[in-house]
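Okay, so here's the structure we're looking at.
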Amino acid sequence: MSTARAWSTAGLPDQTGRTVIVTGANTGLGKSTARALAGQGALVVMACRNEAKALAARDELTATGVDPRQLAVRRLDLGDQASVRGFAEGFLAEHDRLDLLINNAGLSGTRYAKTVDGYETQFGVNHLGHMALTLRLLPAVVATPGSRVVTLSSGAHRFGRIRFDDPHFDRGGYRAFPAYAQSKLANYLFSAELGRRLAAAGHRTISVAVDPGFARTELGTKQASRTQRLVMRVSYLLVPSHSAETGAGPTLRAATDPNAVSGQLYAPRLGTRGGPVVQRPSRRTTGDPQVAARLWDASLTMLGLEPPAVLAAVDARNNPTDR
């Protein structure tokens with residue numbers, strides 16, 4: 001693997017012929033990621049909740065020189081499972097391959113609220129929305145040689161705890177950051193467990209996670225309270241941060257590094273900023289391998305989904321009495 005100092009987005013390999021989905025590609029890290037991959041020849045599907053903003057972002061990218069033929073806009077609301085299902089069905093009807101799924105979209109610091117389906121918003125969008133999307137798209141992913149799934153977590157995963165007894169704060173006690181940290185820990189645990197299950201089922205698709213560091217983006221600013229927005233502004237002054245373009249570095253390296261293996265976490269070299277390197281995740285993600293499997297099963301139950309057929313082999317081995 002190349003060193004952190006040597007790696008840069010300027011060295012991205014040619015992406016011609018590859019099909020990519022980037023959720024939340026209309027702003028921040030997602031838009032920077034879409035720009036880089038489409039600029040290298042990939043067909044990038046910009047999967048966004050606000051279609052008008054996504055179309056405006058596409059126009060902005062094409063104005064900077066990106067070939068408009070490399071960008072497609074599709075509506076996806078990760079807080080609505082009907083929208084997730086519709087997006088996946090529409091994509092699979094149009095495409096028989098998916099080289100790269102980048103689970104980028106996310107919410108942070110939101111007031112207490114529920115998604116359309118009754119999930120706490122941050123957990124429902126950041127984790128459950130992306131898990132459902134990934135599982136529904138897996139037939140195209142595993143059918144594509146060299147494919148991978150990249151899921152954005154956060155340094156906040158180190159402070160997270162999966163509240164198996166009350167993940168949606170139905171019993172009260174909601175606080176924005178613990179809820180966010182739970183969702184980001186869930187992102188990493190899902191990424192790692194997906195990688196293990198893909199390998200056990202005999203697929204070569206890999207699953208890697210990303211911590212983008214402290215990037216100056218719009219994440220959380222619209223849903224946050226006035227106090228939370230003030231805290232974020234002060235944080236930008238006190239905590240070393242970097243731009244969305246630099247913050248997309250870990251995602252782009254995770255998406256293209258030929259030496260990547262499932263379970264890895266790509267993050268800034270200096271923690272909150274710096275060039276992308278492989279970092280050690282929190283002990284909470286590796287100390288008890290049963291936590292990820294438990295979260296996987298609990299999430300399927302919340303979503304009302306059956307294990308994907310492409311992972312049936314591993315699920316049958318994990319539950320031999322169900323045969």
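Values in this document were obtained by computation on a predicted structure and should not be read as measured data.
Taking each heavy atom of S299 and H127 in turn, the nearest pair found is OG-NE2, 2.8 Å. Between L265 and P281, the shortest heavy-atom distance links the atoms CD2-CA, 3.9 Å. Pairing each heavy atom of N104 with each of G30, the nearest pair is ND2-CA, 3.4 Å. Scanning all heavy atoms of the two residues, the minimum distance from P145 to A143 falls at CD-O, 3.6 Å. Between A25 and A57, the shortest heavy-atom distance links the atoms O-CB, 4.5 Å. Contact record, R148 with A254: NH1-O, 2.7 Å, taken as the closest heavy-atom pair.
Atom OG1 of T110 and atom CD of Q122 lie 3.5 Å apart (nearest 0.5 Å). Taking OG1 from T23 and CG from L101, the interatomic distance works out to 7.5 Å, rounded to the nearest 0.5 Å. In this structure, T16 OG1 and L43 CG are separated by 11.5 Å, a value rounded to the nearest 0.5 Å. The structure places CZ of R49 at 10.5 Å from CG of L76, a figure rounded to the nearest 0.5 Å. Distance CE/M46 to CG/L71: 6.0 Å, rounded to 0.5 Å. Taken from CG in L198 to CG in L138, the straight-line distance is 6.0 Å, to the nearest 0.5 Å.
In this structure the side chain of R204 never reaches within 4.5 angstrom of the side chain of S147, judged on heavy atoms. A heavy-atom distance below 4.5 Å is found between the side chains of F190 and T134. Taking the side chain as every heavy atom from C-beta outward, L303 and L128 approach each other to under 4.5 Å. Counting heavy atoms from C-beta on, the side chains of T27 and K53 never come closer than 4.5 Å. Side chains of N103 and V150 form no contact here, defined as non-hydrogen atoms less than 4.5 Å apart. Counting heavy atoms from C-beta outward, Q40 and P13 have side chains that stay 4.5 Å or more apart. Residues V45 and V22 have side chains not in contact (no heavy-atom distance under 4.5 Å, counting atoms from C-beta outward).
Looking at residues two or more places apart in sequence or on another chain, you find a side-chain contact (heavy atoms from CB on, under 4.5 Å) between Q70 and A38, D67. In terms of the salt bridge (charged side-chain N to carboxylate O under 4.0 Å, His left out) criterion, residue partners of D166 (sequence neighbours excluded) are, by chain and number, R163. Applying the salt bridge (charged side-chain N to carboxylate O under 4.0 Å, His left out) rule to K184 yields no partners; only residues at least two apart in sequence or on another chain are considered. Not a single side-chain contact (heavy atoms from CB on, under 4.5 Å) links P139 to another residue, sequence neighbours left out. Here H168 pairs with Y119, F123 under the ring-ring contact (aromatic ring centres under 6.0 Å, His included) rule; sequence neighbours left out. The side-chain contact (heavy atoms from CB on, under 4.5 Å) test applied to R294 returns F164, not counting sequence neighbours. Residues forming a ring-ring contact (aromatic ring centres under 6.0 Å, His included) with Y112 (at least two apart in sequence, or on another chain): Y174. The side chain to side chain donor-acceptor pair (under 3.5 Å) check on D165 picks up nothing, with sequence neighbours excluded. Remark: R136 pairs with no residue by the side chain to side chain donor-acceptor pair (under 3.5 Å) rule, at least two apart or across chains. Taking R97 as the reference, D99 meet the salt bridge (charged side-chain N to carboxylate O under 4.0 Å, His left out) condition, with sequence neighbours excluded. The side-chain contact (heavy atoms from CB on, under 4.5 Å) test applied to A293 returns E193, R197, not counting sequence neighbours.
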Can T64 and V66 be said to form a side chain to side chain contact (heavy atoms under 4.5 Å, CB included), step by step? CA-CA 6 Å; T64 64; V66 178; 4.2 Å; yes
Could you go through V310 and H203, starting from their C-alpha distance and side-chain angles, then the distance that decides it, and tell me whether this counts as side chain to side chain contact (heavy atoms under 4.5 Å, CB included)? CA-CA 9 Å; V310 294; H203 300 299; 3.9 Å; yes
Which is it for I21 and L98 under the side chain to side chain contact (heavy atoms under 4.5 Å, CB included) test, yes or no, and what are the steps along the way? CA-CA 8 Å; I21 292 175; L98 178 54; 3.8 Å; yes
L37/L100 under side chain to side chain contact (heavy atoms under 4.5 Å, CB included): CA gap, chis, key distance, verdict: CA-CA 10 Å; L37 294 173; L100 185 57; 4.0 Å; yes
Run the side-chain donor-acceptor check on residues 79-95: report pairs under 3.5 Å with partners two or more places apart or on a different chain.
{"residue": "D80", "atom": "OD1", "partner": "A82", "partner atom": "N", "Å": "3.0"}
{"residue": "S83", "atom": "OG", "partner": "D77", "partner atom": "N", "Å": "2.8"}
{"residue": "E94", "atom": "OE1", "partner": "R74", "partner atom": "NH2", "Å": "3.4"}

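Judged purely by atom type and a 3.5 angstrom limit, Y188 has no side-chain atom pairing as donor or acceptor with the backbone of L152. In this structure, the side chain of S191 does not engage the main chain of N187 through any donor-acceptor pair within 3.5 Å. Counting only distance, with no hydrogens or angles, the side chain of R253 and the backbone of P276 share a donor-acceptor pair below 3.5 Å. S32 contributes no side-chain N or O that, together with a main-chain N or O of L29, makes up a donor-acceptor pair within less than 3.5 Å.
A side-chain contact (heavy atoms from CB on, under 4.5 Å) with L185 is found for exactly one of I162, L295, V291, namely I162. With Y266 as reference, D257 is the one residue of D211, D257, T251 to meet the side chain to side chain donor-acceptor pair (under 3.5 Å) rule.
A donor-acceptor contact under 3.5 angstrom links the side chains of N126 and S183, judged on distance only. Side chains of S262 and S207: a donor-acceptor N/O pair is absent below 3.5 angstrom, by distance only. Under 3.5 Å, the side chains of H130 and T151 contain no donor-acceptor pair of N or O atoms. Looking at T121 and T115, their side chains never bring a donor and an acceptor atom within 3.5 Å of each other.
In terms of hydrophobic clustering, with Ile, Leu, Val, Met, Phe, Trp and Tyr side chains grouped at heavy-atom distances under 4.5 Å, F169 and F177 are assigned to different clusters.
The number of heavy atoms from other shown groups lying within 6.0 Å of CG (D96) does not exceed 12.
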